[in-house]
Protein chains: 4
Amino acid sequence: MDATPPRHLSPRKSPRQQRALVTLDAIFESTIQVLLADGPHRLTTTRVAERAGVSVGSLYQYFPHKQALLYALNERYLDRLAERIETVCEEQQGAAAAEMIEALVSAYWRAKTERREVTRALYRSAVELDNEALLEAFARRVDAATAAMLASASDGGGSDLALVNTTLLSVIFGTVRNLFERNLPEAQEANIREQLVILCRAYLAARTSVPAN
Amino acid sequence: MDATPPRHLSPRKSPRQQRALVTLDAIFESTIQVLLADGPHRLTTTRVAERAGVSVGSLYQYFPHKQALLYALNERYLDRLAERIETVCEEQQGAAAAEMIEALVSAYWRAKTERREVTRALYRSAVELDNEALLEAFARRVDAATAAMLASASDGGGSDLALVNTTLLSVIFGTVRNLFERNLPEAQEANIREQLVILCRAYLAARTSVPAN
Amino acid sequence: MDATPPRHLSPRKSPRQQRALVTLDAIFESTIQVLLADGPHRLTTTRVAERAGVSVGSLYQYFPHKQALLYALNERYLDRLAERIETVCEEQQGAAAAEMIEALVSAYWRAKTERREVTRALYRSAVELDNEALLEAFARRVDAATAAMLASASDGGGSDLALVNTTLLSVIFGTVRNLFERNLPEAQEANIREQLVILCRAYLAARTSVPAN
Amino acid sequence: MDATPPRHLSPRKSPRQQRALVTLDAIFESTIQVLLADGPHRLTTTRVAERAGVSVGSLYQYFPHKQALLYALNERYLDRLAERIETVCEEQQGAAAAEMIEALVSAYWRAKTERREVTRALYRSAVELDNEALLEAFARRVDAATAAMLASASDGGGSDLALVNTTLLSVIFGTVRNLFERNLPEAQEANIREQLVILCRAYLAARTSVPAN
DNA sequence: CATGAATGAGCTTTCATTCAT
DNA sequence: AATGAATGAAAGCTCATTCAT
């Protein structure tokens with residue numbers, strides 16, 4: 001994330017050597033694995049280190065404490081997620097708004113469901129964390145990307161684009177999370193995902209045709 | 001909730017004496033207070049008991065373990081929330097769909113924001129918990145209520161009402177949660193809340209005018 | 001037992017009424033049941049009371065504390081055991097020594113194995129207890145009974161009857177306990193029991209024929 | 001013992017560093033001390049650690065739980081005991097049976113009475129434990145050693161040596177335990193110990209002269 | 001530097017016992 | 001007398017973190 005993390009949550013050292021980078025990756029992956037296998041309250045630094053194939057001591061070379069590890073993990077995850085969304089947004093420059101919506105929902109959904117359990121694990125890991133700042137930075141970054149995309153829509157954007165854009169993001173992100181929390185049969189889930197696109201399009205259409213709200 | 005809780009999460013005994021009822025209420029309220037003041041990972045049974053003005057032992061008379069306490073708290077909360085929604089749904093019987101939406105969003109929003117911090121606390125407490133069953137029961141109950149309401153709409157409901165209904169709920173609940181996670185300025189939050197209504201109405205309208213989807 | 005129990009271990013009141021006697025019996029039986037079902041470290045006063053169909057409060061009417069309950073239980077058990085041995089000893093007055101041995105081992109064995117699990121439970125319950133005095137009183141009582149029996153043997157007793165008698169008791173009681181601790185196949189257990197009789201007889205015979213040791 | 005302990009009772013890790021070995025030894029010795037000083041139901045992990053001069057945490061580095069500690073302690077004790085008996089048995093190869101008996105009883109008695117209170121403590125600790133398997137392994141090991149010894153007796157062994165052997169062990173072990181449970185005056189105890197040898201010899205003699213049982 | 005043994009505060013849970021009703 | 005809710009000391013055990021090796 002571009003949000004500079006609060007001082008006390010920063011990783012201890014930025015790894016400059018190759019070996020360090022590999023270790024760091026191993027730690028992150030191990031964290032996710034432990035989260036998946038043991039749940040968030042069984043997530044211990046010892047277990048993470050063990051699974052990563054390093055000693056606890058080493059783990060503490062990279063992160064001053066557990067919170068910093070989780071923070072960094074979330075940061076990394078959100079960073080990649082934001083990147084993917086930005087890419088889609090750039091690809092959709094100048095397309096029709098309806099297609100943009102489909103592309104956006106599609107990309108977000110895919111990113112979240114590719115490794116469903118990982119997503120779930122990260123949702124959960126976040127609770128132990130004061131990650132509001134992280135989420136806010138993510139939101140702003142995505143907001144900017146989608147706003148630029150929508151502004152370039154071939155069929156215009158209507159008035160108050162900023163509000164519409166932010167609303168759409170809240171709706172999409174919120175709905176997807178809601179679907180994650182219920183364990184609906186796959187078919188029904190797919191149906192709702194489809195409806196989500198219809199719904200966003202209907203909203204956009206309504207806003208475009210009645211610019212004055 | 002009407003979903004009987006899993007065996008291991010059931011409360012230990014239902015209080016029959018007056019003082020027991022008082023104790024139980026004190027424990028629930030105290031749990032919320034501790035959740036608010038100290039956050040979910042500082043929530044200890046000792047602290048809860050202390051703040052409730054009872055001994056730990058008493059807490060364990062009513063709940064076999066910490067999880068059961070949190071489970072019961074969520075159950076209670078969701079129960080009351082469902083009740084409120086059901087009431088609104090009954091009041092709106094026969095109204096216009098657009099008004100129904102406004103009433104529904106309004107009621108849900110009010111319920112969640114009356115005691116913002118409590119809501120936030122409960123969202124967080126839920127993570128330590130296997131409350132999928134609880135949420136599912138809640139969802140089904142609300143689903144039934146809103147489905148009945150929408151079916152009675154004076155301006156008809158279009159086809160595939162069940163899917164539309166479930167989608168609306170996921171969107172509304174999800175969006176509200178998303179707003180809770182970001183800490184937007186109040187004005188912006190209010191704006192988005194308003195857009196949410198517009199969006200749902202647009203969706204409904206789109207679905208009604210194109211019955212065959 | 002005739003050993004007056006240490007002051008602090010005495011039951012609180014000697015029940016004079018019929019009802020009280022029934023309750024007391026229920027408590028004792030319940031104690032054994034809990035011991036069997038849950039093991040000695042799951043034996044709680046609450047559980048005992050519950051299973052006996054009385055309230056904890058009532059249990060404490062009869063016993064000033066848990067130890068007293070266990071003490072009384074062991075006392076009762078040893079009392080009955082001693083009684084049975086005494087009966088056998090009286091019946092064997094004047095018989096041949098070899099038959100006495102058989103009768104003694106037989107009676108003791110039967111008493112212990114009639115309700116194997118109960119025996120085991122009581123062996124275990126004793127550990128929480130300072131029951132040396134109880135055991136000593138039991139030993140003395142049995143010692144007296146068997147000594148009198150052996151003295152009346154039709155084929156004489158040899159010299160140093162007291163020592164021989166005490167030795168026999170230690171050997172018999174000890175061996176039986178040992179068999180209880182190992183879980184030998186029944187057939188083998190029966191064989192050893194049989195050998196025990198042979199062994200005691202051989203000892204007696206040796207002592208009788210070589211009076212001066 | 002050579003019987004691999006049940007999974008849940010295995011020690012957590014075998015110490016590889018020197019200081020770890022010291023810690024482990026301190027814990028074992030401390031356990032015995034606490035057992036002696038406070039009795040088995042005052043034996044707490046905290047107390048053991050404290051007396052060993054280490055933290056509770058350290059104790060739990062080596063043992064997954066209290067039971068495992070007690071199990072390991074008993075295992076160690078029985079292991080050493082078995083070793084001593086095996087040594088004696090080897091030394092007695094080819095001797096006269098009567099001397100074997102004396103040597104066996106003597107060795108066992110010495111091992112048990114060298115540190116009487118420790119023996120008593122271990123007898124008691126065992127009750128909180130599911131150590132049947134341990135005892136069985138010990139019994140089998142000793143059984144093999146004494147059987148081999150007896151088979152080599154210069155004066156022959158009679159028929160059914162296996163049964164005779166097992167019987168002797170049950171009698172010796174059981175009787176010694178019984179003596180431990182009563183608190184007889186030392187002189188009397190010594191006398192009975194002596195009788196025990198006589199008794200075992202008489203049994204052996206009887207069995208040898210009547211080979212067909 | 002990496003290691004992993006050691007730490008100990010702090011958590012959850014139990015249970016003998018009391019005492020207001 | 002009988003009840004059982006309440007008590008709270010004390011137990012077993014965990015885990016983030018440190019630091020001697």
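As the structure is a computational prediction, the values presented were derived from the model and not from experiment. Atoms considered below: every heavy atom in the structure, side chains included; atoms not considered: hydrogens, waters and symmetry mates. Chain identifiers are assigned alphabetically (A, B, ...) following the order of the sequence lines, protein sequences preceding nucleic acid strands; residue numbering begins at 1 within each chain.
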For [X], answer base if it contacts any base atom (sugar-phosphate contacts may also be present), sugar-phosphate if it contacts only those atoms, and nothing otherwise; contact means non-hydrogen atoms under 4.0 Å.
X: D:Thr44; result: sugar-phosphate
X: A:His41; result: sugar-phosphate
X: A:Arg42; result: nothing

- Of B:Val56 and D:Thr45, whose nearest nucleotide on DNA chain F comes first from the 5' end?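 It is B:Val56 whose nearest nucleotide is closer to the 5' end.
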- Query: In terms of the nearest nucleotide of DNA chain F, which residue is placed more toward the 5' end: C:Val54 or A:Lys66?
  - Reply: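 Its nucleotide being nearer the 5' end, the pick is C:Val54.
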What's the [atom1]-[atom2] distance between [X] and [N], to the nearest Å?
X: D:Leu59; N: E:dA6; atom1: CG; atom2: P; answer: 11 Å
X: B:Tyr60; N: F:dA6; atom1: OH; atom2: C1'; answer: 16 Å
X: A:Tyr62; N: E:dA2; atom1: OH; atom2: P; answer: 6 Å
X: D:Leu70; N: F:dG12; atom1: CG; atom2: P; answer: 10 Å
X: D:Ile27; N: E:dT7; atom1: CD1; atom2: C1'; answer: 13 Å
X: B:His65; N: E:dC11; atom1: NE2; atom2: P; answer: 19 Å
X: A:Gln67; N: F:dA16; atom1: CD; atom2: C1'; answer: 11 Å
X: A:Asp38; N: F:dT14; atom1: CG; atom2: P; answer: 13 Å

- At their closest point, which heavy atom of A:Ala26 faces which heavy atom of A:Ala52, and how far apart are they?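 Of all heavy-atom pairs spanning A:Ala26 and A:Ala52, the closest is O-CB, 3.7 Å.
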- Query: Considering heavy-atom distances to DNA chain E, does B:Leu43 or D:Ser55 have its closest nucleotide positioned more toward the 5' end?
  - Reply: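 Here D:Ser55 is the residue nearer the 5' end.
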- Contact nearer the 5' end of DNA chain E, comparing C:Arg47 with A:Gly57: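 Its nearest nucleotide being more 5', the pick is A:Gly57.
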- Query: Among all residues two or more places apart in sequence or in another chain, which pass the salt bridge (Lys or Arg N to Asp or Glu O under 4.0 Å) test with B:Arg47?
  - Reply: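 Result, salt bridge (Lys or Arg N to Asp or Glu O under 4.0 Å) vs B:Arg47: B:Asp38.
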Measuring only between side-chain heavy atoms, which start at C-beta, is [X] closer than 4.5 Å to [Y]?
X: D:Ser30; Y: D:Val34; result: yes
X: C:Lys66; Y: C:Thr44; result: no
X: D:Leu78; Y: D:Leu122; result: no

- Message: Does a side-chain N or O of D:Thr46 approach OP1 or OP2 of F:dA11 to a distance below 4.0 Å, or not?
- Response: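 It does not, given that no N or O in the side chain of D:Thr46 lies less than 4.0 Å from OP1 or OP2 of F:dA11.
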- Message: If the cut-off is 4.0 Å, is B:Thr23 near the phosphate of F:dA6, judged by side-chain N/O to OP1 or OP2?
- Response: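 So the side chain of B:Thr23 is within the cut-off, an N or O lying under 4.0 Å from OP1 or OP2 of F:dA6.
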- Query: Do the side chain of B:Gln61 and the base of F:dA6 come within less than 3.5 angstrom through a donor-acceptor pair of N or O atoms?
  - Reply: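 Such a pair is found, so the answer is yes.
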- Among all residues two or more places apart in sequence or in another chain, which pass the side chain to side chain contact (heavy atoms under 4.5 Å, CB included) test with D:Arg80?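 Side chain to side chain contact (heavy atoms under 4.5 Å, CB included) list for D:Arg80, sorted by chain: D:Arg76.
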- Task: Go through the steps to decide whether B:Phe63 and B:Phe28 satisfy the test ring pair (Phe, Tyr, Trp, His ring centres under 6.0 Å), and finish with yes or no.
- Result: CA-CA 11 Å; B:Phe63 304 99; B:Phe28 278 133; 5.8 Å; yes
- Message: Reading 5' to 3' and counting Watson-Crick or G-U wobble pairs with both distances under 3.5 Å, write the dot-bracket notation for DNA chain E, | for bases paired outside the strand.
- Response: .||||||||||||||||||||
- Query: Does the B:Asp79 side chain pair with the main chain of B:Glu75, one donor and one acceptor, at a distance under 3.5 Å?
  - Reply: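 No; zero donor-acceptor contacts below 3.5 Å.
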